**Student:** 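What follows is a single structure, and I will ask about it in a moment.
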Amino acid sequence: MRHSMVSDKYEKISALARRRGFFWPSYEIYGGVSGFINWGPLGAVMKRKIEDKFRDMFLRRLGLYEIETPIIGPEVIYVASGHLKSFREAMVECNRCKKRFRADHLLQEFANLPSHETEKMTLKEIAEALKRHRVKCPECGGNLSAPQYFLTMFKTTIGPYSDAVGYGRPEAAQTIFVEFKRLYEQVREKLPTGFAVIGHALRNEISPRQGPMRLREFTIIDLEFFVDPEDPCCSLLEQVEDETLNLVLAEERLKGSEKPVKLTVKEALSKGYIKSEWQAFFMALAKRFLMDLGVPEDKQRFIEKLEWERAHYSSQGFDQEVYLDRWGWVEVSGFNDRTDFDLRGHMRESGVDMRVFKPHENVRVRKERVIEPVISVIGRTFKRDANKVLDLLSKVNPNEVEKQFKKQGYYMAGEFKILPSHVKFVEREVKETGRRFIPHVIEPSFGSDRLAYVALEYAYTVKDGRVILKLPRDIAPVQLAVLPLVQKDGLPEKARALYKRLIDEGFSVEYDEAGSIGKRYARFDEIGVPLCITIDYQTLKDETVTIRDRDSWRQVRASIKSLPEALWEYFRFKRNFEDLGTSL
RNA sequence: GCGGCCGUAGUCUAGUCUGGUUAGGACAUCGGCCUCCCGAGCCGACAGCCCGGGUUCAAAUCCCGGCGGCCGCACCA
């Protein structure tokens, strides 16, 4: 961290963003509330174009789908997802110096309790343990307050006078899991398949700062990709297998180093560093995504999360980080193997079977040894409990029962002693038409606001003391500016006609005749308009215009007639600037 | 949430210590003049003491509280 009196890039970008309408803090006229920002006229368009780029790369091209779901959800959802338990921390405050600490950290440090133990403790148990081990404030030795939970979900009630508790979603993922059964039917029971939500999420951060980087309300892009755990191969791997990734592995981090290794996707998988092929695939895609947003590959890395850093649902996780001028490495996306954790949780709480059925290629007939209870004997022996016993026996493993019979002459099914006379073992033919299982989930998740900020930071350049936002042409909020060279001799009229024409062709265009031509170029450079089209005296003679490139300030001359098609190709990266006309 | 520093037009800033005329300037913006390709020049306009309370004849200035920002601590599932 730097103590800069000189303003850093973040400050410069914030100032520009506020002045020109990319982003700024919300509710400023009432003093502002930290953790909330507005995206302005330019920022909202740019952010939407970034989200559209995600839609193109991750959904359209892969045949996956986007859905739109509510932000508020009933409490049970966050019971099932584990957030109500995990999305909070027991904290204590020192009565003397007022410093606050995580209670579990204190217990681990001063009472030598392992983390898996402190994790399970209730508030009461934590309070007792703190007392028992005489834990004091590690800073000043003062007495600590009773532990209290701080829940980082926004809580509300649903309906008037209702005691139905609801929460703002801290991630959009749960709204997908909850609907999985129906969605799976709608895509005609296809696996693998995936659904994305691009929408707001809420997290009641204790003390958010850092402008658009850490918000209480932000746009999350969650893609939940469902796979058969027994068929985890990625069918699209060849598209990315030679893509290189900068990986900071957990084993390296445990040694206290953050040295990245540069490996191809293929290598990272074969060495077992990335456990899931689909995870690796999405990471590679994310790398390309960020490169397309202007972040060079050496400013990107994937850092493997250590066990205790991972979310409660994750079995392996990488964060994609981008190097930023002010904060160093900052997370822009996360890749988690969520296994069947979430669907299993919703099965448990709702009682709905979320398993999918996958038919075998051929119906298999298998001989199976099963337990057949001798009902008459069981009835006589267990009387009232007979049904309970039958239920238990239907779930036991026959081989295990047989083993116990051989070993000790009986088998304990719960509290009931089963004797060999209670059951028969029979060979039965079982037709296996398929299998039922809970799909596993690979989740790429992006913070849209961070992506937008990152794109701005990497676009921000200074040339001859002037700011140029070198935004990739497909996310620039304004595509074209049409400018009469001077404000007389019929040039404005000619320019306005061209402006209308280009608007009609579907471009986002600005018209501007105020001030000198240089001043206007500068203004449009500052908001990242890729091309300026200038109407000059030559235009009046031969219907040609100059097109000026934002980044090189070079110009070409082109006929008005050729513009619409050429420009469409340019903005789809099918044509270079030099090929828009003849060089000047 | 704690501590330190800070808060004057859209932006940057003078003035605050030592209370006192109409809060001064620059850039930006808008209008006009000028202008044949890179924030040119001239004229004019718009626009400000974070909010609340207190002290005082008088508060941008002193005091208290709040809000916000930056940095550090903590937090970031």
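The shown structure was predicted, so the numbers you read here are calculated from the model rather than taken from an experiment. The chains referred to below are lettered A, B, ... by the order of the sequence lines, with proteins before strands, and numbering in each begins at 1.
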**Student:** Go through the side-chain N and O atoms of A:R203 and A:T152 and say whether any donor and acceptor fall under 3.5 Å apart.
**Tutor:**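 No, no side-chain donor-acceptor contact under 3.5 Å.
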**Student:** Suppose you measure atom C1' in B:C49 against the same atom in B:U11; what distance do you get, rounded to whole Å?
**Tutor:**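 Roughly 16 Å separates the two C1' atoms.
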**Student:** Using only modelled atom types and a 3.5 angstrom limit, is any donor from either the side chain of A:R548 or the base of B:C37 paired with an acceptor on the other?
**Tutor:**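 Not at all, since no donor on one side and acceptor on the other fall under 3.5 Å apart.
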**Student:** Has the side chain of A:E28 got a donor or acceptor that lies under 3.5 Å from a partner of the other kind on the base of B:C50?
**Tutor:**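 By the distance-only test, no, there is no pair.
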**Student:** Among A:F180, A:F335, A:W278, whose ring pair (Phe, Tyr, Trp, His ring centres under 6.0 Å) with A:F225 holds?
**Tutor:**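 The residue from A:F180, A:F335, A:W278 that satisfies ring pair (Phe, Tyr, Trp, His ring centres under 6.0 Å) with A:F225 turns out to be A:W278.
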**Student:** Going by number, which of residues 73-87 of chain A have a non-hydrogen atom under 4.0 Å from RNA chain B?
**Tutor:**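 The stretch gives A:H83, A:S86, A:F87 as the residues lying under 4.0 Å from the strand, ordered by number.
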**Student:** Rounded to whole angstrom, note down the P distance from B:A14 over to B:G24.
**Tutor:**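 Those two atoms are separated by 16 Å.
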**Student:** Can a cation-pi geometry be assigned to A:R338 and A:Y313, taking NZ or CZ under 6.0 Å from the six-membered ring centre and within 45° of the ring axis?
**Tutor:**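 Geometry flag: set, cation within 6.0 Å and 45°.
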**Student:** For the base of B:C76, is there a side-chain donor-acceptor partner from A:R203 under 3.5 Å away?
**Tutor:**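 In this structure, the two groups form no donor-acceptor pair.
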**Student:** When all nucleic acid strands are considered with a 4.0 Å heavy-atom cut-off, which category describes A:P208: base, sugar-phosphate, or nothing?
**Tutor:**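 Touches nothing.
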**Student:** For atom P, what is the distance between B:C12 and B:C17, given to the nearest Å?
**Tutor:**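 These two P atoms come out 23 Å apart once rounded.
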**Student:** Does A:F218 or A:Y10 map to a spot on RNA chain B nearer the 5' end, using the closest nucleotide for each?
**Tutor:**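 First, find each residue's nearest nucleotide; the 5'-ward one identifies A:Y10.
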**Student:** Give a yes or no on whether a salt bridge exists between A:K561 and A:E543, defined as a side-chain N under 4.0 angstrom from a carboxylate O.
**Tutor:** no
**Student:** Using whole Å, what does the distance between atom C1' of nucleotide B:G69 and atom CD1 of A:I13 come to?
**Tutor:**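 Spelled out: CD1 on A:I13 to C1' on B:G69 is 18 Å.
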**Student:** For the pair A:E513 and A:R496, find out whether any cationic side-chain nitrogen is under 4.0 Å from an anionic carboxylate oxygen.
**Tutor:**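 Yes, A:E513 and A:R496 are salt-bridged.
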**Student:** So, does A:S314 use its side chain to make a donor-acceptor pair with the main chain of A:R310 at under 3.5 Å?
**Tutor:**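 Pair absent, no side-chain N/O of A:S314 close to backbone of A:R310.
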**Student:** Is the phosphate of B:C70, meaning OP1 or OP2, less than 4.0 Å from a side-chain N or O of A:R326?
**Tutor:** no
**Student:** Without decimals, in angstroms, what is the distance between A:E513 CD and B:C30 P?
**Tutor:**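 Answer to the nearest Å: 11 Å.
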**Student:** At less than 4.0 Å, is any side-chain N or O atom of A:S516 found next to OP1 or OP2 of B:U35? Yes or no.
**Tutor:** no
**Student:** Does the B:C36 base have a donor-acceptor partner in the side chain of A:D536 within less than 3.5 Å?
**Tutor:**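 Side chain to base: no pair below 3.5 Å.
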**Student:** Could you check how far CG of A:D489 sits from P of B:U35, rounded to whole Å?
**Tutor:**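 In whole Å, B:U35 P lies 10 Å from A:D489 CG.
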**Student:** Sticking with atom C1', work out how far B:U16 lies from B:A23, rounded to a whole angstrom.
**Tutor:** 12 Å
**Student:** Between B:G69 atom P and A:Y27 atom OH, what is the distance in whole Å?
**Tutor:**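 In whole Å, B:G69 P and A:Y27 OH are 14 Å from each other.
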**Student:** Taking only the C1' atom of each, what is the distance from B:G48 to B:U22 in whole angstrom?
**Tutor:**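 Here B:G48 and B:U22 have their C1' atoms 14 Å from each other.
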**Student:** Scan A:E526 against the nucleic acid and name what it touches under 4.0 Å (heavy atoms): base, sugar-phosphate only, or nothing.
**Tutor:**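 Since a base atom lies under 4.0 Å of A:E526, the category is base.
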**Student:** Quick one: do A:D525 and A:R548 make a salt bridge, cutoff under 4.0 Å?
**Tutor:**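 Answer for the salt bridge query: yes.
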**Student:** Is the Lys NZ or Arg CZ of A:R473 less than 6.0 Å from the centre of A:Y570's six-membered ring, within 45° of the axis?
**Tutor:** yes
**Student:** Reckon A:K12 has a side-chain N or O less than 4.0 Å from the OP1 or OP2 of B:U11?
**Tutor:** no
**Student:** When the C1' atoms of B:U61 and B:G19 are considered, how many whole Å apart are they?
**Tutor:**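 Roughly 6 Å separates the two C1' atoms.
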**Student:** Taking atom P in both B:C33 and B:G53, what distance in whole Å separates the two?
**Tutor:** 48 Å
**Student:** Give A:Q538 one of three labels, base, sugar-phosphate or nothing, depending on what nucleic acid heavy atoms sit under 4.0 Å from its own.
**Tutor:** nothing
**Student:** For B:A59 and B:C63, measure between their C1' atoms and round to the nearest Å.
**Tutor:** 11 Å
**Student:** Please figure out whether A:R310 or A:A15 has its closest RNA chain B nucleotide nearer the 5' end.
**Tutor:** A:A15
**Student:** I'd like to know if A:R214 reaches the base of B:C75 with its side chain, counting only an N/O donor and acceptor under 3.5 Å.
**Tutor:** yes
**Student:** Decide yes or no on side chain to side chain contact (heavy atoms under 4.5 Å, CB included) for A:Y460 and A:I468, but give the supporting numbers first.
**Tutor:** CA-CA 6 Å; A:Y460 187 95; A:I468 305 177; over 6 Å; no
**Student:** Phosphate oxygens OP1/OP2 of B:C38: is one of them under 4.0 Å from a side-chain N or O of A:K519?
**Tutor:** no
